[in-house]
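Please read the structure below before turning to the comments.
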Amino acid sequence: MIEVYPNLFVGSQDDEAAVRGQAGWFVVHACKEPYHRLALGYTGQGAPKQHPEYLLAERPGRLILNLVDVAQVAFIAPIIVDTALGAVDHHIANAKVLIHCNQGLSRSPSIALLYLLKHTDALGSQEPAAALAAFRKLYPPYAPAQGMADYVRLNWAKYLPPAKS
């Protein structure tokens with residue numbers, strides 16, 4: 001687990017297990033397995049598409065994403081990423097926030113990168129190459145799968161903060 005910004009941590013499911021149940025933490029589970037499956041209780045390959053929590057499940061102290069580390073960006077629903085960013089922004093002032101996925105390499109750091117881009121000046125630049133280099137200094141294990149890398153690249157402008165006047 002690495003703190004990439006005050007109160008914002010990125011890590012793996014092992015890191016989540018280490019903080020589970022501790023007071024003062026809000027957790028974003030940026031992975032379907034096993035968290036989304038357990039929250040909704042489904043046993044098949046995926047959650048029923050008509051389920052009201054098909055994409056996202058909110059529970060006290062945590063947000064559970066139905067997010068798989070895919071090669072195709074088309075399978076990443078923007079509402080999942082946007083809701084995760086909103087949850088981080090909502091909780092970071094009053095809690096330590098852990099964004100984690102299974103290995104802590106792709107989904108969780110990509111969400112943290114977009115949070116830093118949108119809500120802070122921690123990356124020192126809004127230009128993609130420079131900001132990515134700055135993020136890799138904060139979080140060296142960042143190794144996004146193709147789908148997450150494409151999501152970040154294709155949606156970069158969407159997450160830029162509003163221009164200051």
Side-chain angles (χ1 to χ4, degrees), residues 1-19 24-36 55-58 62-165:
M1 176 170 31
I2 298 173
E3 187 172 20
V4 296
Y5 190 75
N7 277 356
L8 180 59
F9 298 80
V10 179
S12 69
Q13 67 185 55
D14 291 338
D15 298 316
E16 183 277 331
V19 303
W25 284 90
F26 181 83
V27 176
V28 176
H29 302 282
C31 46
K32 171 185 162 182
E33 297 293 348
Y35 308 94
H36 191 262
L55 294 176
L56 307 151
E58 294 184 58
R62 58 198 185 117
L63 175 67
I64 307 149
L65 311 179
N66 186 358
L67 187 58
V68 178
D69 218 3
V70 294
Q72 297 295 324
V73 69
F75 295 110
I76 300 171
I79 188 72
I80 291 174
V81 175
D82 295 345
T83 302
L85 296 180
V88 172
D89 194 50
H90 179 76
H91 291 282
I92 199 164
N94 299 311
K96 293 177 183 177
V97 176
L98 170 62
I99 307 171
H100 83 91
C101 54
N102 298 113
Q103 298 176 3
L105 302 175
S106 180
R107 292 164 285 181
S108 57
S110 294
I111 292 169
L113 165 67
L114 293 174
Y115 175 82
L116 294 177
L117 178 67
K118 182 174 182 171
H119 293 285
T120 78
D121 59 2
L123 301 177
S125 174
Q126 295 177 356
E127 294 301 315
L132 283 167
F135 184 73
R136 282 193 164 94
K137 287 181 182 174
L138 295 172
Y139 196 79
Y142 185 45
Q146 192 63 55
M148 288 309 296
D150 287 346
Y151 185 89
V152 168
R153 180 179 53 81
L154 293 170
N155 291 284
W156 190 265
K158 172 183 174 180
Y159 296 106
L160 291 174
K164 294 179 182 176
S165 47

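Side-chain atoms are counted along with the backbone in the values below, which use heavy atoms only and exclude waters and symmetry mates.
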| What distance do N102 atom CG and K32 atom NZ have between them, rounded to the nearest 0.5 Å? | 11.0 Å
| field | Value rounded to 0.5 Å, distance of CD in E16 from SG in C31 | value | 8.5 Å
| message | Applying side-chain contact (heavy atoms from CB on, under 4.5 Å) to D69 and L105, what does each step give before you reach the verdict? | response | CA-CA 10 Å; D69 218 3; L105 302 175; over 6 Å; no
How close do [X] and [Y] get, heavy atom to heavy atom, and via which atoms?
X	Y	answer
G11	L98	N-CD1, 3.8 Å
P34	Q13	CD-OE1, 4.3 Å
P161	K118	CB-O, 3.7 Å
L117	S125	CD1-O, 4.4 Å
V4	A112	CG2-CB, 4.5 Å

| Would you find a donor on one side and an acceptor on the other, under 3.5 Å apart, between the side chain of D150 and the backbone of V73? | no
| task | Answer yes or no: is there a donor N or O on one side and an acceptor on the other, between the side chain of S108 and the main chain of A30, under 3.5 Å? | result | no
What I'd like to find out is whether the side chain of [X] reaches to under 4.5 Å of the side chain of [Y], using heavy atoms alone.
X	Y	answer
I111	V10	no
L56	L65	yes
P128	R153	no
Y115	T120	yes
L116	L8	yes
P144	Y151	no
L113	L132	yes

| request: Any chance you could lay out the side-chain contact (heavy atoms from CB on, under 4.5 Å) test for I92 and F26, step after step, and finish with the verdict? | output: CA-CA 8 Å; I92 199 164; F26 181 83; over 6 Å; no
| More than 12 heavy atoms of other residues, nucleotides or ligands under 6.0 Å from CD of E33: is that the case? | yes
| query | Would you say Q126 has more than 12 foreign heavy atoms packed within less than 6.0 Å of its CD? | reply | yes
| Ring geometry between W25 and F9 (parallel below 30°, tilted from 30 to 60°, perpendicular above 60°) | tilted
| message | Over 60° means perpendicular and under 30° means parallel, so tell me whether H29 and Y35 are parallel, tilted or perpendicular. | response | parallel
| task | Please lay out, stage by stage, how V81 and N155 fare under the test side-chain contact (heavy atoms from CB on, under 4.5 Å). | result | CA-CA 11 Å; V81 175; N155 291 284; over 6 Å; no
| field | Sequence neighbours excluded, every pair satisfying salt bridge (Lys or Arg N to Asp or Glu O under 4.0 Å) that has a member inside residues 75-92 | value | D82-K158
